[in-house]
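Worth saying up front: this structure is predicted, and the values here are computed from it rather than measured.
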Amino acid sequence: MSKILSARVILSSPGRNFTTLKIETEDGIYGVGDATVNGRELAVVAYLEEHVIPCLIGRDAHQIEDIWQYLYKGAYWRRGPITMCAIAAVDMALWDIKAKIAGLPLYQLLGGACRRGNLVYAHANGEDIEETLSEAEKYIAMGYRAVRLQCGVPGLKSTYGVTSDKARYEPAGTGLPAENIWSTEKYLRAVPQLFAAARETLGWDIHLLHDTHHRLTPIQAARLAKDLEPYRLFWLEDAVPAENQENFRLIRQHSTTPLAVGEVFNTIWDCKQLIEEQLIDYIRTAAVHAGGITQLRKIANFAALYNVRTGCHGATDLSPVTMAAALHFGLSVSNFGIQEFMHHTEETNRVFPHSYVFEDGYLHPGEKPGLGVDIDEDLARSFPYQRAYLPINRLEDGTMHDW
Ligand code: GCO
Ligand code: MG
């Protein structure tokens with residue numbers, strides 16, 4: 001028994017906003033969990049402070065599964081990003097505590113390492129093909145074996161995944177949501193040209209990925225997947241919005257380009273049909289948005305039955321705590337696929353000191369007991385929360401579109 005003595009939420013903005021939960025036990029051990037929902041941070045703060053934390057005090061921190069079920073079933077109002085993110089933060093913090101008590105890095109408790117490290121992919125982007133490929137070459141020179149390519153679209157002022165100042169891609173901004181203009185036709189013409197040039201310049205030894213960011217209809221996505229087939233992508237991500245899981249059937253019928261989806265999913269139910277019908281190849285659910293390590297393990301085990309592999313979301317709005325959770329989880333599951341790795345800012349890394357290390361294209365969680373990531377609360381306080389929103393997207397005629 002290791003009684004939970006207290007829990008608190010730390011909201012800070014070291015380079016961008018992060019919501020972090022810290023749970024302390026009566027033996028003086030603490031664990032941390034990420035609770036960040038980009039653009040809706042305060043909703044999770046209120047959910048945790050008003051509704052979850054009062055129910056945690058006095059419980060046995062070791063009873064991770066029971067506490068998960070208590071928060072999930074006990075709320076009656078199941079699922080959704082805010083609820084599942086709050087549960088996720090508790091779950092991560094409790095695994096951190098359990099592993100610290102055991103004196104082991106978390107992956108050892110989850111079954112031990114299945115491989116030397118987690119293959120990761122970097123983000124290369126540019127205004128045009130040339131710039132994108134020269135960015136990719138920089139990552140390859142750093143040792144990356146997989147790179148996601150996102151490129152400006154001729155005729156569009158901006159698009160998802162492309163920065164104008166060559167800084168780290170960070171879509172959330174202060175002020176009201178920025179408005180972008182989108183044309184699917186222009187995009188569909190540009191992407192195959194990018195990948196044709198990429199294979200010519202970068203060769204075939206590097207894994208290439210692309211994110212469509214939920215912007216196509218099923219038949220448009222089928223066409224893109226087919227057009228990209230000759231370039232042998234590692235995956236095509238979020239080809240269509242996935243509320244309707246059946247949409248992926250049409251893409252599948254037309255192409256062998258591997259498909260990935262799931263960064264906005266909250267539970268195993270969001271991907272049940274996609275996995276069962278083998279409509280996807282990679283499931284991208286993240287510890288923070290899909291109920292923590294406890295539920296990710298269930299999703300991975302279920303996915304393994306259908307040869308679907310993992311590919312956890314790892315954008316910069318997921319804190320180093322989520323990255324650590326993903327790395328321990330990834331190392332311990334047999335059907336690991338790849339891990340997204342966008343570098344956090346210097347400020348973020350200082351507020352969240354961590355033991356994970358990049359080497360030769362792989363990330364390893366390190367050998368520190370627990371998750372191997374901490375939060376410097378004093379430093380966090382020096383970066384106060386700033387309201388920020390993700391952009392919205394409109395078609396050229398003004399129609400609201402998926403961002
Ligand atoms: C990715 C994602 C991100 C999201 C971001 C939203 O593949 O990394 O699509 O870039 O847009 O996490 O908050
Ligand atoms: Mg994505």
For this session: Only one of Leu209, Ile129, Leu233, Thr132 passes side chain to side chain contact (heavy atoms under 4.5 Å, CB included) with Leu149; say which it is.
Result: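 The single option meeting the side chain to side chain contact (heavy atoms under 4.5 Å, CB included) with Leu149 is Thr132.
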
Taking atom [atom1] of [X] and atom [atom2] of [Y], what is their separation to the nearest 0.5 Å?
X      : Y      : atom1 : atom2 : value
Leu216 : Leu188 : CG    : CG    : 5.5 Å
Asp238 : His210 : CG    : NE2   : 10.5 Å
Leu94  : Leu56  : CG    : CG    : 7.0 Å
Asn180 : His401 : CG    : NE2   : 11.5 Å
Ile275 : Asp281 : CD1   : CG    : 11.0 Å
Leu250 : Ile219 : CG    : CD1   : 4.5 Å

Exercise. Parallel, tilted or perpendicular for Trp235 and Tyr121, by the 30°/60° rule?
Worked result: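 Because their plane-to-plane angle is over 60°, the rings of Trp235 and Tyr121 count as perpendicular.
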
Sidechain-backbone polar pair: [X] side chain, [Y] backbone, donor-acceptor under 3.5 Å:
X      : Y      : answer
Thr25  : Ile4   : no
His213 : Trp403 : yes
Arg115 : Val333 : yes
Arg199 : Arg232 : yes
Glu340 : Gly314 : yes
Gln150 : Thr163 : no
Glu179 : Ile181 : no
Asp60  : Ser2   : yes
Arg284 : Val264 : no
Tyr169 : Gly161 : yes

Exercise. With a distance cut-off below 6.0 Å to the six-membered ring centre and an angular limit of 45° from the axis, does Lys100 pair with Tyr30 as a cation-pi contact?
Worked result: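 Pair Lys100/Tyr30 counts as cation-pi.
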
Problem set entry | Cation-pi check, Arg387 onto Tyr389 ring (under 6.0 Å, within 45° of axis) |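 Pair Arg387/Tyr389 does not count as cation-pi.
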
In the structure I gave you, are the side-chain heavy atoms of [X] and [Y] within less than 4.5 Å of one another anywhere?
X      : Y      : value
Asp402 : Asn393 : no
Thr267 : Met84  : yes
Thr345 : Thr316 : no
Asp360 : Arg145 : yes
His62  : Met1   : no
Leu106 : Ile293 : yes
Val9   : Val44  : no
Gln273 : Arg249 : yes

For this session: Show the numbers, then the answer: is there a salt bridge (Lys or Arg N to Asp or Glu O under 4.0 Å) between Arg350 and Asp376?
Result: CA-CA 8 Å; Arg350 278 196 288 124; Asp376 180 334; over 6 Å; no

Between [X] and [Y], is the ring centre distance below 6.0 Å?
X      : Y      : answer
His354 : Phe352 : no
Tyr187 : Trp182 : yes
Phe336 : Phe329 : no
Tyr107 : His364 : yes

Is it the case that atom [atom1] in [X] sees more than 12 heavy atoms from other parts of the structure closer than 6.0 Å?
X      : atom1 : value
Arg394 : CZ    : yes
Arg78  : CZ    : yes
Gln253 : CD    : yes
Asp205 : CG    : no
Lys298 : NZ    : yes
Gln69  : CD    : yes

Is a side-chain donor-acceptor pair under 3.5 Å present for [Y] with [X]?
X      : Y      : value
His123 : Glu135 : no
Tyr70  : Arg59  : yes
Glu229 : Ser255 : yes
Asn17  : Thr36  : no

Exercise. Could you walk me through whether Ile29 and Ile101 pass the side-chain contact (heavy atoms from CB on, under 4.5 Å) check?
Worked result: CA-CA 8 Å; Ile29 304 215; Ile101 291 173; 3.6 Å; yes

Exercise. Should Phe18 and Glu41 be marked as a side-chain contact (heavy atoms from CB on, under 4.5 Å) after you check the CA-CA gap, both sets of side-chain angles, and the distance that decides it?
Worked result: CA-CA 8 Å; Phe18 292 111; Glu41 292 84 0; over 6 Å; no

Exercise. Salt bridge between Lys22 and Glu377, side-chain N to carboxylate O under 4.0 Å?
Worked result: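 Looking at Lys22 and Glu377, the cut-off is met.
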
Exercise. Between Asp211 and Arg148, does at least one N-O distance fall below 4.0 Å, as a salt bridge requires?
Worked result: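 Yes, this pair counts.
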
For this session: State, to 0.1 Å, how close Ala190 and Pro154 come at their nearest heavy-atom pair, and which atoms those are.
Result: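 It is CB-CD, 4.0 Å.
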
Exercise. What's the shortest heavy-atom distance between Ala86 and Tyr47, and which atoms?
Worked result: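 Of all heavy-atom pairs spanning Ala86 and Tyr47, the closest is CB-CD2, 3.5 Å.
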
Exercise. Given the rule in the side-chain contact (heavy atoms from CB on, under 4.5 Å) test, do Asp91 and Leu71 qualify, once you have shown the distances and angles that lead to the verdict?
Worked result: CA-CA 10 Å; Asp91 186 78; Leu71 294 174; over 6 Å; no

Problem set entry | Gln295 vs Ile268, side-chain contact (heavy atoms from CB on, under 4.5 Å): CA-CA, chis, key distance, verdict | CA-CA 7 Å; Gln295 190 175 234; Ile268 196 165; 4.2 Å; yes

